[in-house]
S.K.: 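Here it is, the structure, as structure tokens.
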Number of protein chains: 2
Amino acid sequence: MIELRSMPTACGERRRDQACSQCGARALSICNSLDGADLQRLDALAERASFAAGEALIREGDEARNVFNITSGSVRVFKLLADGRRQITGFLFAGDFVGLATGDTYVFSAEAIEPVTACRFRKAEYRNMIRECPSLETALLERATHELAAAQNQMLLLGRKTATERIASFLLDLPAHDLARPMPAGHVHLPMSRSEIADYLGLTIETVSRVLSRLKTQGLLKLASLNEVVVMQPRKLRALAEGDI
Amino acid sequence: MIELRSMPTACGERRRDQACSQCGARALSICNSLDGADLQRLDALAERASFAAGEALIREGDEARNVFNITSGSVRVFKLLADGRRQITGFLFAGDFVGLATGDTYVFSAEAIEPVTACRFRKAEYRNMIRECPSLETALLERATHELAAAQNQMLLLGRKTATERIASFLLDLPAHDLARPMPAGHVHLPMSRSEIADYLGLTIETVSRVLSRLKTQGLLKLASLNEVVVMQPRKLRALAEGDI
DNA sequence: CAGCGGCCTTGATCTGGGTCAAGCTGTGTT
DNA sequence: AACACAGCTTGACCCAGATCAAGGCCGCTG
């Protein structure tokens with residue numbers, strides 16, 4: 001048992017009062033939506049877990065026993081085809097929930113990209129929790145709806161955008177998800193590898209690398225390091241992302 | 001005010017006790033999850049609406065005033081890029097909800113493919129309803145989670161599957177959504193045009209047409225009419241869809 | 001029942017991004 | 001400091017599916 005309330009980030013605290021660019025919702029963190037008594041009850045049910053880089057929180061096909069709330073680090077959520085082709089359907093950061101699938105088995109996998117800490121809830125207990133704390137359900141519905149809006153944007157990206165538009169959209173959207181990590185304006189931290197970016201955007205690593213190089217040559221970006229991009233011309237990048245060209 | 005209870009399909013009745021192939025959930029229709037008293041309350045709030053083919057239920061950017069429950073017909077949900085490129089993010093049938101976005105404005109459009117009837121709920125009233133009827137929220141969360149699982153499958157399809165795999169997946173998954181329309185085993189009804197299939201699968205109409213023709217030549221399908229496909233070899237089609245080749 | 005128009009199919013050609021193949025870079029190790 | 005290795009970049013070439021173009025089919029209308 002961990003005293004979540006004594007640790008500001010333990011239940012996935014995120015910056016408050018920032019409207020989501022994809023669905024317009026505010027106060028998306030579960031923490032922000034619940035009152036003290038509810039958080040206390042969550043507290044009693046939470047078990048802390050940590051994962052090394054590459055370790056799995058959730059494996060597709062396993063019995064769905066747990067729900068996690070990420071408290072630090074970053075996670076890749078993905079599905080595989082039989083021959084190994086991988087689609088990363090999302091990256092998760094502090095404050096995100098994972099494992100809310102309705103069925104008896106997980107329908108996706110989730111692995112730590114960098115060292116991760118999380119609160120684990122047994123799914124059985126989690127159901128009791130919902131019964132006692134209806135506002136949790138409201139908060140989860142809001143988050144699910146938000147993720148659905150994000151998924152629609154991603155489908156638009158995967159189905160209809162060019163490689164350049166995909167990379168531009170990605171660089172502009174990423175900071176909105178990773179709110180726990182404070183970055184100077186214009187700086188984007190990439191905890192994931194090129195191969196993970198490629199599998200998220202439906203491209204190959206070579207194309208990701210080429211497009212980043214071209215955007216750099218064109219002066220839209222600087223590559224401060226492998227894992228840090230500085231957006232030099234956000235207007236132009238936004239125009240590229242929307243296909244306005 | 002419409003007496004929903006007196007019309008079996010009015011609140012989006014769907015076949016019961018059929019587990020979803022994408023997320024394992026059962027009883028996905030809202031109707032199936034609610035008891036008589038709750039349905040009666042929903043009843044009092046519902047307003048019947050009908051839409052001609054091509055008419056919009058929801059326009060991206062408009063103020064989000066309504067939530068709809070489709071009671072008959074089929075609907076395309078989509079997003080557009082500035083230059084007109086379209087991604088259809090889903091097709092909706094009897095029993096599906098649309099318009100549950102959290103924000104103040106809709107972030108996608110929804111249009112009737114064929115004549116549609118639906119129950120309209122004012123969003124303000126809908127919020128009261130949730131307060132009075134907590135099991136509605138549970139049902140909606142279950143549906144949202146289900147749609148999220150479907151969205152992840154679609155991202156895998158759009159990001160990593162070949163044209164043939166996309167078409168095969170589409171033909172196998174479609175009947176599971178359109179439960180209200182009873183079809184003989186193996187028969188798939190396509191209420192949407194080739195152009196809508198293309199915009200759903202991230203392809204062009206020419207590619208959709210060519211792949212269907214090839215599958216027909218190979219004896220996997222018959223094209224009974226423009227809008228009806230008969231799957232002759234479901235095993236082989238499933239193998240194609242999963243990329244097992 | 002002829003003519004029209006919207007959709008669908010099929011063929012020919014083109015191209016964005018994939019594939020294959022070197023190198024490069026940065027980091028950790030001895 | 002030299003090395004090794006994993007991940008990244010860059011170049012050359014290729015191909016699945018897009019684009020461009022020409023008919024075909026079918027339901028509707030006069």
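None of the values given here were measured: they were computed from a predicted structure. Order of the sequence lines fixes the chain letters, A, B, ..., with proteins taken first and strands second; residue numbering starts at 1 for each chain. Below, all heavy atoms of this structure are taken into account, side chains as well, without hydrogens, waters or symmetry copies.
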S.K.: As a test of reading the structure: which of C:dG18, D:dC8, C:dC8 is closest to the side chain of A:Leu203, going by heavy atoms?
M.R.: C:dG18
S.K.: Starting at CD1 of A:Ile205 and ending at P of D:dG11, how long is that distance when rounded to a whole Å?
M.R.: 16 Å
S.K.: Between atom CG in B:Leu190 and atom C1' in C:dC8, what is the gap in whole Å?
M.R.: 13 Å
S.K.: Distance check needed: D:dC8 C1' versus A:Glu228 CD, whole Å only.
M.R.: 17 Å
S.K.: Begin from the C-alpha positions of B:Glu114 and B:Arg181 and carry the test salt bridge (charged side-chain N to carboxylate O under 4.0 Å, His left out) through to its verdict.
M.R.: CA-CA 14 Å; B:Glu114 37 181 0; B:Arg181 189 190 307 265; 3.1 Å; yes
S.K.: Select one nucleotide: of D:dA12, D:dT9, C:dG11, the one nearest the side-chain heavy atoms of A:Arg210.
M.R.: D:dA12
S.K.: Taking atom CZ of B:Arg120 as the centre, report whether more than 12 heavy atoms of other residues, nucleotides or ligands fall under 6.0 Å from it.
M.R.: yes
S.K.: Quick one: OG1 on A:Thr207 to CG on A:Leu201, what's the gap to the nearest 0.5 Å?
M.R.: 10.5 Å
S.K.: A:Met192 or A:Arg160: which one's nearest nucleotide on DNA chain D is closer to the 5' end?
M.R.: A:Met192
S.K.: Report yes if a side-chain nitrogen or oxygen of A:Thr207 is closer than 4.0 Å to either non-bridging phosphate oxygen (OP1 or OP2) of C:dG16; otherwise report no.
M.R.: no
S.K.: Does the ring-ring contact (aromatic ring centres under 6.0 Å, His included) test come out yes or no for B:Phe91 and B:Tyr200, once each step is laid out?
M.R.: CA-CA 9 Å; B:Phe91 296 109; B:Tyr200 180 58; 4.9 Å; yes
S.K.: Just the rounded figure in Å: distance from C1' of C:dG26 to CG of A:Asn227.
M.R.: 11 Å
S.K.: Under 4.0 Å from OP1 or OP2 of C:dG17: is there any side-chain N or O of A:Thr204 that close?
M.R.: no
S.K.: On DNA chain C, does the nearest nucleotide to A:Glu206 precede the nearest nucleotide to B:Ser209 from the 5' side, or the other way round? Give the residue.
M.R.: B:Ser209
S.K.: Grab the NZ-P distance between A:Lys161 and C:dG16 for me, whole Å please.
M.R.: 19 Å
S.K.: How would you label the contact of B:Leu212 with the nucleic acid (heavy atoms, under 4.0 Å): base, sugar-phosphate, or nothing?
M.R.: nothing
S.K.: Choose from D:dT9, D:dA12, C:dC8 the nucleotide whose nearest atom is closest to any side-chain atom of A:Leu226.
M.R.: D:dT9
S.K.: Counting C-beta onward and ignoring hydrogens, is there a side-chain heavy-atom pair between B:Glu228 and B:Leu190 closer than 4.5 Å?
M.R.: no
S.K.: Separation of B:Arg214 atom CZ from D:dG17 atom P, in whole Å?
M.R.: 9 Å
S.K.: Determine the contact category for A:Ser225: base if any of its heavy atoms lies under 4.0 Å from a base atom, sugar-phosphate if only primed atoms, P, OP1 or OP2 are that close, otherwise nothing.
M.R.: nothing
S.K.: For A:Asp83 and C:dG18, what is the distance between atoms CG and P respectively, to the nearest whole Å?
M.R.: 15 Å
S.K.: Using whole Å, report how far CG of A:Leu201 lies from C1' of C:dG16.
M.R.: 16 Å
